[in-house]
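This report refers to the structure that appears directly beneath it.
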Amino acid sequence: MKFEKIQAPKGVREYLPPESSAFEWVREQLIAPAKAAGYTLMELPVFEDTNLFTRGVGESTDVVSKEMYTFEDRGGRSITLRPEGTAGVMRAVIEANLDRGQLPVKVWYSGQFFRAERPQAGRYRQFYQVGIEAIGVDDPALDAEVIAIADQGFKNLGLKNYRLDITSLGDAASRAAHRVDLMKFIGQLDLDEATKERASINPLRLFDDKRPQMQSAMAKAPLLLDYLSEESRANFDRVKEYLTVMGIAFVVNPRMVRGLDYYTGTTFEFVHSDLGAQSGIGGGGRYDGLMEILGGQTLSGIGFGLGVDRALLAAVAEGTVPGEEFSSDLFIIPLGDEAKSSALRMAQELRARSIRIEIAFGDRALKGAMKAADKSGARYVIVLGDAELAAGEVELKRMSDGVISSVKIEQLKSTLIEALSLTTLN
RNA sequence: GUGGGCGUAGCUCAGCUGGUAGAGCACUCGGUUGUGGUCCGAGAUGUCGCGGGUUCGAGCCCCGUCGUUCACCCCA
């Protein structure tokens, strides 16, 4: 009887050994600056009420209109696998009344997100992001700090070939004024139906079209940045000033468009140059109306999401991923059942002292077991057989140079602790 | 959703104008009665993605299908 193999669903990216350690490293580096800045963990569900996204992210967005994994649960409720992180954070903050305390609420999150798109380099149906949100304070200094935290994450990875684009979407009045002129401009263009449709939903989207004819058509389009109210402009100037003070390089990109509807004011995006078509490694911005739309207070917020998968691709492209570091301190090769029992007991005792132990399993030939010990990168090896158990003494082999020394079993722990701390000091 | 490339051993791939499958690495065992890395020897492993067609004969050609990959739309 031969069963068919089952494959992973289309478009998922898995991280298996040895690459998984690099993934873990990237995720830790990306989020470390947020932890250092006082952000605390929020662990959220990966599925939510569908309305959270249609209302929060916006029905006009591609994400909501054609990329959501939506299904009905057994109680007939419409459920959606989260396509982004901010809406879920807002929902939880409102639900738990976290916004009634000290502001800003500062949280970070990490996990997988889902979009039903056609996969390609750097774009997967399940992808990983780390992100932060700072809710309840509208201050350009906070905007600058949030951007700085994201930037520091990429710097932690050793990345150099990336650029930070920033712009401001201004306040509602600024956007309204600009929209009138932009619509007028777009009305003069000769557009295909699909593009006209997109323009009517959100004219700003046309700035993001990669097709060359569209790029040149939009070259003379009125820019939102030129329509900012005095207050918005002053606010944006402060953000730029603070970034400069922090030594963070940025480019003002008035044509930058974000894909989600809730953004207002300061928005930003990190773009890496070695990744092919999907080059955005992170982005975010301020969202003034989101909390209210989701039934909460009228509070502003700002946050970002960083793509862990893409950041890893970038780190690999730039060659900054550190080598595998794990190696056990002691590798025990037991010969026979009685020896296995002793090996397990020794391992138990030594691990309690944070000594890293691996055991050779499976009754393989000694040569093979030694080979496995070598591959594992173990610093020391002992062979445990009847002779050793009878004598109460083992031969401790130092793998770096092959030197063997006799050690009484009862002294193994202290001997190892001493030997390991000495090598660490070297 | 649209378009192009690619599916051969665990991995990376080779396979001439069609003649019934190979390399390197990895793996196992041995050279060393119980001590790794180098070296030497031996060995195991494939429905050539799947289905159909053309042919005396298909890994190679044709059609379909699935998977994968890159790009478009869009995005992390």
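Being a predicted model, the structure only gives us computed values, none of them experimental. Within every chain, numbering begins at 1; the chains are lettered A, B, ... in the order of the sequence lines, protein sequences first and strands thereafter.
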Q) Is there a donor on the side chain of A:Asp374 or the base of B:rG36 sitting less than 3.5 Å from an acceptor on the other? A) yes

Q: May I ask you to check whether A:Thr86 and A:Tyr262 show a side-chain donor-acceptor distance below 3.5 Å?
A: yes

(Q) Just the rounded figure in Å: distance from P of B:rC75 to CE of A:Met256. (A) 11 Å

Q | Atom pair distance, as rounded to whole Å: CZ in A:Phe154 and P in B:rA76 | A | 12 Å

Q | Length of the line joining A:Arg123:CZ and B:rU69:P, which is rounded to integer Å | A | 12 Å

Q) Could you state the CZ-C1' distance from A:Arg118 to B:rC66, rounded to the nearest angstrom? A) 13 Å

Q: Tell me what A:Lys371 touches on the nucleic acid: a base, only sugar-phosphate, or nothing, going by heavy atoms under 4.0 Å.
A: sugar-phosphate

Q | Length of the CD1-C1' vector between A:Ile31 and B:rA76, whole Å | A | 14 Å

Q.
Tell me the interatomic distance from A:Tyr380, atom OH, to B:rG37, atom C1', rounded to whole angstroms.
A. 17 Å

**Q.** Under 3.5 Å donor-acceptor pair, A:Gln126 side-chain atoms to B:rA76 base atoms
**A.** no

Q. Should A:Lys375 be listed as having a side-chain N or O under 4.0 Å from OP1 or OP2 of B:rG36?
A. no

Q | Cation-aromatic face contact A:Arg398/A:Tyr380, 6.0 Å, 45 degrees | A | no

Q.
When you compare the side chains of A:Tyr287 and A:Glu133, does any donor N or O come within less than 3.5 Å of an acceptor on the partner?
A. yes

**Q.** Nearest-angstrom distance, P atom, B:rA9 to B:rA23
**A.** 14 Å

Q: State yes or no: are the ring centers of A:Phe23 and A:Tyr128 separated by less than 6.0 Å?
A: yes

Q.
Looking only at side-chain N and O atoms, does A:Arg123 offer a donor or acceptor that is under 3.5 Å from a partner on A:Gln120?
A. yes

Q: Could you check whether A:Ala373 gets within reach of a base, just the sugar-phosphate, or nothing at all, counting any heavy atom under 4.0 Å?
A: nothing

Q.
Can you identify which nucleotide, out of B:rA76, B:rA71, B:rG34, has its nearest atom closest to the A:Ala277 side chain?
A. B:rA71

Q. In whole Å, what separates the C1' atom of B:rG59 from that of B:rG46?
A. 12 Å

Q: Using Watson-Crick or G-U wobble geometry with both distances below 3.5 Å, tell me the partner of B:rA58, or none.
A: none

**Q.** Residue A:Lys367, side-chain heavy atoms: nucleotide from B:rG34, B:rG1, B:rG31 that is nearest
**A.** B:rG31

Q) Can a donor-acceptor pair be found between the side chains of A:Thr266 and A:Ser168 at a distance below 3.5 Å? A) no

Q: Using the C1' atom as the reference point in each nucleotide, state the distance between B:rU45 and B:rC11 in Å, no decimals.
A: 13 Å

(Q) Partner lookup for B:rA14, please. Criteria are Watson-Crick or G-U wobble with both distances under 3.5 angstrom; report none if nothing qualifies. (A) none

Q | N or O in side chain of A:Arg364 less than 4.0 angstrom from B:rU28 OP1/OP2 | A | yes

Q | B:rA76: pairing nucleotide in any strand, Watson-Crick or G-U under 3.5 angstrom | A | none

Q) Using a cut-off of 4.0 Å on non-hydrogen atoms, how would the nucleic acid contact of A:Gly283 be classed: base, sugar-phosphate, or nothing? A) nothing

Q: Using atom OH of A:Tyr124 as one end and atom C1' of B:rU68 as the other, report the distance to the nearest whole Å.
A: 13 Å

(Q) Closer than 4.0 angstrom, basic N to acidic O: yes or no for A:Lys155 and A:Asp151? (A) yes

**Q.** Assigned partner base of B:rU20, Watson-Crick or wobble definition, under 3.5 Å
**A.** none

Q: Could you work out which one of B:rC72, B:rG34, B:rU35 sits closest to the side chain of A:Leu335?
A: B:rG34

Q: Using a 4.0 Å heavy-atom cut-off across all strands, classify A:Tyr128 as base, sugar-phosphate, or nothing.
A: nothing

Q. Should A:Arg258 be listed as having a side-chain N or O under 4.0 Å from OP1 or OP2 of B:rA76?
A. yes

Q.
Would you measure the distance from the P atom in B:rU38 across to the matching atom in B:rU28 and give it in whole Å?
A. 13 Å

Q. Quantified in whole Å, what is the C1' atom distance between nucleotide B:rC70 and nucleotide B:rU8?
A. 22 Å

Q) Taking atom types as modelled and ignoring hydrogens, do the side chains of A:Asn235 and A:Ser232 form a donor-acceptor contact shorter than 3.5 angstrom? A) no

**Q.** Closest listed nucleotide, where the reference is the side chain of A:Ala365 and the choices are B:rU35, B:rC73, B:rG30
**A.** B:rG30

Q | Residue matched to B:rG36 through Watson-Crick or wobble contacts both under 3.5 angstrom | A | none

Q) Taking for each residue the nucleotide of RNA chain B with the nearest heavy atom, is it A:Lys66 or A:Val308 whose nucleotide lies nearer the 5' end? A) A:Lys66

Q. A:Ser279 near the nucleic acid: base, sugar-phosphate alone, or nothing, with a heavy-atom cut-off under 4.0 Å?
A. nothing

Q) For B:rA71, does OP1 or OP2 lie under 4.0 Å from any side-chain N or O of A:Gln120? A) yes

Q) Expressed in whole Å, how much space separates the C1' atoms belonging to B:rU20 and B:rA58? A) 10 Å

**Q.** Candidate nucleotides B:rG34, B:rA76, B:rU35, ranked by approach to the side chain of A:Glu395 - the nearest
**A.** B:rU35

**Q.** Aromatic ring of A:Phe127 stacked on base six-ring of B:rA76, 5.5 Å, 30°
**A.** yes

(Q) Heavy atoms only, 4.0 Å cut-off, all strands: where does A:Gln112 land among base, sugar-phosphate and nothing? (A) nothing

(Q) Pairing check on B:rC48: which nucleotide meets the Watson-Crick or G-U wobble criteria with it, both distances under 3.5 Å? (A) none

Q | From B:rU35, B:rC72, B:rU68, nucleotide with atom closest to A:Glu388 side chain | A | B:rU35

Q. Is it true that A:Arg13 and A:Glu19 have a side-chain N and a carboxylate O under 4.0 angstrom from each other?
A. yes

Q: Select base, sugar-phosphate, or nothing to describe what A:Ala369 touches, counting heavy atoms under 4.0 Å on all strands.
A: nothing

Q | Ion pair check, A:Glu393 and A:Lys408, cut-off under 4.0 Å | A | yes

Q: Look at all strands and tell whether A:Gly131 reaches a base, only sugar-phosphate, or nothing, counting heavy atoms closer than 4.0 Å.
A: nothing

Q. Given that both distances must come in under 3.5 Å, which nucleotide forms a Watson-Crick or G-U wobble pair with B:rC6?
A. B:rG67

Q) Between A:Asp386 and A:Pro9, which has a closest nucleotide on RNA chain B that is more 5'? A) A:Asp386

Q) How far, in whole Å, is B:rA42 from B:rC25 if one measures between their P atoms? A) 14 Å

Q. Between B:rG41 and B:rU32, how far is it from one C1' atom to the other, in whole Å?
A. 14 Å

Q) Which whole-number value in Å describes the distance from A:Met370 CE to B:rG34 C1'? A) 10 Å

Q) On a plain distance test, is the side chain of A:Gln7 in donor-acceptor contact with the base of B:rG49 below 3.5 Å? A) no

